[in-house]
S.K.: 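There's a structure below that I have some questions on.
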Amino acid sequence: MKKILVCSFLLLAVVSLTFSQDVFTFTLAPIHPVYQESKAYTFSNNVRFSYLKSPGEEEYVVNSLLATKKNQEGEVEYVSLPFKAADPHNTSFWYMKSASDIALLRLEWKDYVTVEGYIHGGINTLFGAYGGVDTLGFDGQYGGGLDLGLFDTVFLRFGVHHFSGHWGDEVLYDFYETYSKGEDYLSLTEYTRNNSWYMGMRIQPFSFISVGLEAELPQNKAWIRPAAHVPGNTEKPSSEESPEKANTSSHIWNQEGAEGRNNLSYPSSYKAWRIGLDIEGQYAINEKIRLYSILDIQFHQDGKINPLSALYEEDRPWETEYTLAFGLGMREKEELPEFVIEVSLHSGRVPLLNYWFKKTKYVAVGVGLNY
């Protein structure tokens, strides 16, 4: 007992002496995580309220849902079913994202090494910006893990990430008023990526520029939708609706109306990866105001799935989308989030998960908060 007390006293003395010399510092819940996500990525954890405008052409109109249906041969395929008339009203939107990226406890060794835990999460939503403001849907996301900073130059993040899409109630009302289940469709599809590993790296060699790379990989036991996107060897976590160790694709295919179908023929190289790359440049006007620009590129391996035939095609490329953002950032105090006024250009997916199959272009103008 005496040895334990002596050792504890010596350890306390060493720790106290170390911190008194400012070698190590602890910070509880710092406002700004040491690892910074790409602020232009749709599902980054920040706050945005923006007006989105797409070209007034029918190919860019967001007016359809993806559902499964049997073709003439009796095989299941995906069909895009409009829920309202295609007109320019469906090319103007209000986009709102409320999300937080929170560092929990930070340990720093001078400017050499920083380690912290983090959690993040939030909700995305998209409304029609005309007369009646119909809600197209909601996306929920959350995650957590560890951040690591090295010499204030290299920043790493490792953790888990979950997100899933949900249809808007007004959209579903219009859809069910138009179509009959069993005749026009078998089941609506959803886009879900739960139980994924997340890995990120940001390098900032100079104060005015940084480069980020992130990768997201579904775990072996993961919830993935739609069925055609599920890697062949994935297992669904046990639950009331799915027995333990049930093949995920078989179970979800059954829910989508295709009994007996699975993805075991998919090559082992297909993992449903998402890879993100961004470059951010900034110019500090003074200590409180800065200008910034960001080029964000996203690569989706599920682009190798044909969105209509629901078949994996080896020759199809990964799907790619681009976002270019320009902003003015203002921060009154270091302890506060950064208020931004931002304009962005986007080419790729609609910024709601369940509309992943619909490609669009838009200009967004809005305000927000960066952490």
S.K.: If you look only at pairs with a residue in residues 47-75, which of them pass as a ring pair (Phe, Tyr, Trp, His ring centres under 6.0 Å), with sequence neighbours excluded?
M.R.: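 Counting only pairs at least two positions apart or across chains, the ring pair (Phe, Tyr, Trp, His ring centres under 6.0 Å) contacts touching residues 47-75 are Phe49-Trp94, Tyr51-Trp94.
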
S.K.: Partners of Tyr292 by ring pair (Phe, Tyr, Trp, His ring centres under 6.0 Å), sequence neighbours excluded?
M.R.: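 Residues passing ring pair (Phe, Tyr, Trp, His ring centres under 6.0 Å) with Tyr292: none at all.
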
S.K.: Flag the pair Tyr95 / Phe93 as yes when their ring centroid distance falls below 6.0 Å, and as no otherwise.
M.R.: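 No, too far apart.
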
S.K.: With the side chain counted from C-beta on, respond yes when Gln141 and Asn45 share a heavy-atom pair under 4.5 Å apart, and no when they do not.
M.R.: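 Yes; the side chains approach each other to less than 4.5 Å.
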
S.K.: Got a sec, which residues hit salt bridge (Lys or Arg N to Asp or Glu O under 4.0 Å) with Glu190, two or more places apart in sequence or on another chain?
M.R.: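 Testing Glu190 for salt bridge (Lys or Arg N to Asp or Glu O under 4.0 Å), a comparison that skips the adjacent residues, returns none.
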
S.K.: Just to verify, what does Lys97 make a salt bridge (Lys or Arg N to Asp or Glu O under 4.0 Å) with, not counting sequence neighbours?
M.R.: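 Not a single residue meets the salt bridge (Lys or Arg N to Asp or Glu O under 4.0 Å) criterion with Lys97.
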
S.K.: Determine which pairs satisfy ring pair (Phe, Tyr, Trp, His ring centres under 6.0 Å) with at least one residue from residues 317-353, sequence neighbours left out, and list them in order.
M.R.: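 Matches after skipping sequence neighbours: His346-Tyr362.
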
S.K.: Could you point out which residue of Leu126, Val62, Val363 forms a side chain to side chain contact (heavy atoms under 4.5 Å, CB included) with Leu52?
M.R.: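 Output: one option passes, namely Leu126.
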
S.K.: Donor-acceptor check, side chain of Glu77 to backbone of Ser309, threshold 3.5 angstrom: yes or no?
M.R.: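 No, because the side chain of Glu77 does not come within donor-acceptor range (under 3.5 Å) of the backbone of Ser309.
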
S.K.: Which pairs with one or both residues in residues 257-271 pass side-chain hydrogen bond (donor to acceptor under 3.5 Å, both in side chains), sequence neighbours excluded?
M.R.: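 Matches after skipping sequence neighbours: Trp253-Asn263.
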
S.K.: May I ask you to decide if the ring planes of Tyr191 and His229 are parallel, tilted or perpendicular, using 30° and 60° as cut-offs?
M.R.: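 Judged by the thresholds at 30° and 60°, the geometry between Tyr191 and His229 is perpendicular.
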
S.K.: Using distance alone, with no hydrogens and no angle criterion, decide if His300 and Glu321 have a side-chain donor and acceptor under 3.5 Å apart.
M.R.: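 A donor-acceptor contact under 3.5 Å links the two side chains.
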
